[in-house]
Structures are given as structure tokens and as C-alpha cells.
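Quick caveat, the model's predicted, so the values are computed rather than measured. We name chains A, B, ... by the order of the sequence lines, and we start the count at 1 in each one.
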Amino acid sequence: MSEPTPEQQQDLSQVLEDRREKLERIRAAGIEPFPHEFSGREDIAEVRAAHQGLAAGAETDSRHRVAGRIVARRGHGRACFLDLRDGSGQIQLHAREDVLGQEAYELLVDLDLGDIVGAEGTAMATRRGGELSLAIDHWRLLAKSLRPPPDKFHGLEDTETRFRRRELDLIANEESRRTFRLRARTITEIRRRLDEQGYVEVETPVLQPLYGGALARPFTTHHNALDRDFYLRIATELYLKRLVVGGIDRVYELGKDFRNEGVSHKHNPEFTMLEWYEAYADYEKTAHDLEMLVADVAERVLGTTKVSRGETEIDFAPPWRRITLREAILERAGIDIAEHPTREALAQAMGTEPDPKEGWGKLVDGLLSREVEPGLIQPTFILDYPTELSPFAKAHRSTEGVVERWEAFAGGVEIANSFTELNDPDEQRRRFEQQAAEVARGDEEAQPFDEAFVEALEQGMPPTGGVGLGIDRLVMMFTGSQSLREVLLFPAMRS
RNA sequence: GCCCCUGUAGCUCAGCUGGUUAGAGCGGCGGCCUUUUAAGCCGCGCGGCGCGGGUUCGAGUCCCGCCGGGGGCACCA
């Protein structure tokens, strides 16, 4: 959307003029349109719960005090109905001139959709529809709305407005309100579960002198007083493992990571990641823990482990399918990567020219993301990745050339990543050197050498299993959303 | 960065192969209506079609450029 011209500003103000005029009328009547508080109110959901099943036509003398936004109005001359909504729910108000008095009634009728009011009255159920309502005898303006709300029936559908002005989306669309409540409950349940299992929640630096823990390009920023560049973290991994070295045997962090890469239906430059580490565990234990965690949280939040997303239904009930990366690629692409152990051989098998920037591991990664990943609808663990793609994972205990690592997929999207953590400091040092070779090849996502991390490993880290779980993507699955933007309140947009 | 689609009143949309002062519903404004619920009835467009050029007697309607949005490619969790 381009900047409005002065003419458009003029037109816009015409639309808003009525509301401004009403504001002035209200002030002229000696009423403060933006008072400071409205105490003693109940959540609308509580009022509804208190009168569930009230018979049509019934009137009670049960008094309630509520507040919220007026979302609809139906006038009947000397009486009217208002739909009032707060954060917990919606209720109908019934207002009568003979009860409120002419002055208060006319001010009420003069309100606009979107205005925020407080009201008090008795519970009743309407004759015809039996709808629970409050027959109000007092009301008060709590905040004047100076801009018109979205269409009360069609809601707000324009994606640009929905994402840029999420408050309007939340006002207009129950679906969005549900999505973000579900997101919050998902995070709450995850945290509760980890806390109950004795995990310690920590906060490690977002601003890092050196980035690491994932293969991704970072955002760079500058600290003025120190006159040096910092990176926004791309992962919490290395700091969390240092805490395992420090003796926090079960540790987790839930927070934002930042990756300086493209935006898509499954990528946002900042996203919420959960990482947890458990000392003395390996990647088989973490796989079991993840499927139990996701299934348990789904059960608590959704009441089921089954979610429908588009045409498909995804069932998170454990155990999830487990297949090695080699078998998965063989199954989907008909190429046995073990038989093509060099980048030249593999590129030939794939029928492509090897990009000089891509090593063997990158080619394997390409096969995985293009040929395998889109087909992984039901929850699946892909096991045992090439070493060069996994600089922080321990070599497989029995298979040559791969590490003990899995990625979990659902709905054709990667939702989690885990390994038996590499705790041999000398091997870690060699892996960093291998990454340096990738950098020399032109790979901008390879790991920089982190001396402090290697020194921590030299201190001695127990055998450890670690997991990274993409919260946004998990919520995307739980809500059946096709795009990450549906589960991010304010997704990244251009400009 | 590339390709395709798209941008009309506050909101949701319609505008046929270019042709009289651009339409509908919701919302708004005025009037009627004391249990309605997408309340109803009567009256009033409150926008000049994302922006800038161009073609044409004449352009939301065609062409070019720019901006925003969506999808795909590439990249990635």
C-alpha cells in the first residue's frame, strides 16, 4: 500500500468525522470519554457460566457488572440490544429507555460500534431465542473508538491488513482469537511439562559475540560503547551445553532465534524455539521424549492427538515412524547416498552439475528437502545425518560416516532436530576446522570457530541428548494453519 | 533476486469484448420500531477505482514503470 495522498487523507477524515463529532458531543455533555478504571467487573465467560441453561423468557435478579467492546447493535426504538465482548467471551445487553432514563438511553444509542463500555444489570434469557442477556440499568463509556471496526459479518479478510494490523484481525475474527489462545496454552503446557520433569529454565544471551549452534546466516548489530559487532543468536545450543557442563543436568530455554534468510509460509526471520538438553541421554531417548511431549501437549490443548490440516489428518500419537535418512532418500528418490560417497558421484547420480559451493552433505540435504520432506505428513523421525551437516553431533556408534542425529517432520515441515551431543573436545575442534573448509568453499552458513565452547567441552561434558523444537511450526500444525504467519501475531512483512 | 497472480467505498465484493454523472451488502447519517440477533422498514453514497506516465474522441477496464499483498522458485528451522 502506498502512502496516502493528501486527498486521501481528506477522504479518510470524512469517514471519521462522525466519530470525532460524537466524541465532542460526549465531552460537551460533561462526560469523560476516557475514564481511568471500571472496577468490580466479572469476565463475561463467568457470567455465562453462572447462567448456563437459563430457560427462554426467564428473568433473574442476579446482578452482574461487565465491560467490553460493543461489536453489534440492534435497535428497537425505545429499547435495543448490544453485543458486548471482552477477552473471555461475548454477551448480549438489553437496554430499555424506561429503565435507563431518556438521557442515558439516548447516549447509549448514540454509541458507535467499537466503543468500549461498562454495564451493570440482571441476567435474563430472551423469549424467542432464549439467549442469555443482561437487562442493564446502568452503563458507562470507558473508551471512545474513533475508527470504524471491520465488517461485523464478513470479518477482516485482507491478509495485508490482518497481519499488519493484527488488532483489527483479533477484533474481527474469532478464528484468530482462537489460534493465539491455543498458541499460548501450547507454550504453557510445554513449560509445565518440562518444569515437572525437573528441567531448569534459563535465559542465555540474545546478543552474542559469536553465533553458533545451527547452520544459518545471522543478523549483525553493533554495540556502540564497546565499539564492536554482535550477532543476534541463531540458536541457543552452545550456551545451553555450557550450562550442562556447569552441572545443570536438565536445562531448557524457550525464546526467539533470528536467522537472516528468506520469508515463506514456513520461515520467519525471528521465530520461537525451544531447546532442551538432558545429561546422560542420547538421541533415542530424546526422540521418545519429543513424541511423548507433543502428544501429551496436543491432548491437553486440543483434547486429541489428531489434527486436520487442509485435506489431511495428522496423528501425533506415539510412536512416530522412524527411518534413516539413507533409507528415506532411497525410498523417495531411488538414490542410495551410501553408494555415492563423493559430491561428484552423488551429483552424477542426481543428474545435476555439482555447484562448487555445495559439498556432498549439501547435496544430501537438498535431496532430503526436495524429495523427502514434502511427503512426510505423518510425524516421522529421519535418523542418522551426514557428519558434515552436523558439526555438533556425535558420530554414530555403529554406522560409518553419519552422526546420531534425527529431525522430526510433520505436515511436510521440519518441526524438531536433535542429536546425541558431541562431547569430545578434540573432535569438536576438528569439526570446527571442517566448517572452516566449508566457509572457504563459499558456504555462508558454516560455523565460525567458537573457542570458548571447545574449552567448555574440555572441562568435561557428560554424554547428553539435546532437542530443538520449532514452536511456531508446532502451533501451525496444532491449528491446521497453512502458513506460519497465521500463528505469528506480527509476522515479518516487507518495508 | 526471478516468475505468476493481485490492488475498486470503513469492511466484504460486483463491474461483459474500453463508452452516458462507478454499483451491492454490511457499516455510517436521518426517520420509524420496547425481547431482536447477518433484526426489520423508509430515505441519503459518504469512493473515482494502489501511485505515476502513456495509447485513445473516451480507461477500473489496454500498455509501461513503481509501490504493496499473495503464491511459486532459490535459501532455510
Undergrad: Within less than 4.0 Å of OP1 or OP2 of rG28(B), is there a side-chain N or O belonging to R73(A)?
TA: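 Checking rG28(B) against R73(A), a side-chain N or O does come within under 4.0 Å of OP1 or OP2.
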
Undergrad: Quick one: is rU12(B) close enough that its OP1 or OP2 comes under 4.0 Å of any side-chain N or O from K152(A)?
TA: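 False: K152(A) side-chain N/O out of range (4.0 Å or more) of rU12(B) OP1/OP2.
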
Undergrad: Would you mind classifying the nucleic acid contact of G155(A) as base, sugar-phosphate or nothing, using non-hydrogen atoms under 4.0 angstrom?
TA: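 Sugar-phosphate contact only.
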
Undergrad: Looking at R128(A), does any N or O in its side chain come under 4.0 Å of the phosphate oxygens OP1/OP2 on rU37(B)?
TA: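 The answer is yes; a side-chain N or O of R128(A) sits under 4.0 Å from OP1 or OP2.
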
Undergrad: For nucleotides rU37(B) and rU21(B), find the distance between their P atoms and express it as a whole number of Å.
TA: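 Comparing P positions in rU37(B) and rU21(B) gives a spacing of 42 Å.
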
Undergrad: Base, sugar-phosphate, or nothing for M124(A), non-hydrogen atoms under 4.0 angstrom?
TA: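 Contact class for M124(A): base.
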
Undergrad: Phosphate oxygens OP1/OP2 of rG69(B): is one of them under 4.0 Å from a side-chain N or O of R164(A)?
TA: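 For R164(A), the contact criterion (side-chain N or O under 4.0 Å from OP1 or OP2 of rG69(B)) is met.
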
Undergrad: So L215(A), base contact, sugar-phosphate only, or nothing? Heavy-atom distance under 4.0 Å.
TA: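 Sugar-phosphate contact only - L215(A) comes under 4.0 Å of backbone atoms but never of a base.
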
Undergrad: Among E203(A), K256(A), E275(A), which residue meets the side chain to side chain donor-acceptor pair (under 3.5 Å) test with T236(A)?
TA: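 For T236(A), the side chain to side chain donor-acceptor pair (under 3.5 Å) test succeeds with only one of E203(A), K256(A), E275(A), which is E275(A).
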
Undergrad: Below 3.5 Å is the cut-off: list the nitrogen or oxygen pairs between protein and nucleotides 30-32 of chain B, distance only.
TA:
none

Undergrad: NA contact type, E407(A), heavy-atom cut-off 4.0 Å: base, sugar-phosphate, or nothing?
TA: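 Contact class for E407(A): none.
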
Undergrad: Determine whether any donor atom in the side chain of E157(A) lies under 3.5 Å from an acceptor atom in the base of rU12(B), or the reverse, and answer yes or no.
TA: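 By the distance-only test, no, there is no pair.
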
Undergrad: Return the set of residues passing side chain to side chain donor-acceptor pair (under 3.5 Å) with R78(A) (not counting sequence neighbours), or none when no residue passes.
TA: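 Checked R78(A) against side chain to side chain donor-acceptor pair (under 3.5 Å); matches are E97(A).
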
Undergrad: Where does the angle between the aromatic ring planes of Y252(A) and Y199(A) fall among parallel (under 30°), tilted (30 to 60°) and perpendicular (over 60°)?
TA: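 Taking Y199(A) first and then Y252(A), their aromatic rings stand perpendicular (interplane angle over 60°).
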
Undergrad: I want to check one thing: is the phosphate of rA39(B), taken as OP1 and OP2, less than 4.0 Å away from some side-chain N or O of R74(A)?
TA: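 The answer is yes; a side-chain N or O of R74(A) sits under 4.0 Å from OP1 or OP2.
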
Undergrad: Can you tell me if S176(A) and N173(A) form a side-chain donor-acceptor pair at under 3.5 Å?
TA: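 N173(A) and S176(A) do not have a side-chain donor-acceptor pair below 3.5 Å.
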
Undergrad: Could you give the distance separating rG30(B) and rG71(B) at their C1' atoms, to the nearest angstrom?
TA: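 Per the computed distance, 46 Å lies between those C1' atoms.
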
Undergrad: Tabulate below the donor-acceptor pairs under 3.5 Å that side-chain atoms of residues 367-375 of chain A make, not counting sequence neighbours, or state none.
TA:
unit_1  : atom_1 : unit_2  : atom_2 : d
S369(A) : OG     : D365(A) : O      : 3.2
S369(A) : OG     : G366(A) : O      : 3.3
E373(A) : OE2    : K266(A) : NZ     : 3.2

Undergrad: Please give the distance between the P atoms of rA9(B) and rU55(B) as a whole number of Å.
TA: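 Rounded to whole Å, the distance is 27 Å.
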
Undergrad: Looking only at N and O atoms, is any donor in the side chain of D151(A) or the base of rG25(B) less than 3.5 Å from an acceptor on the other one?
TA: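 Yes, the side chain and the base share a sub-3.5 Å donor-acceptor pair.
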
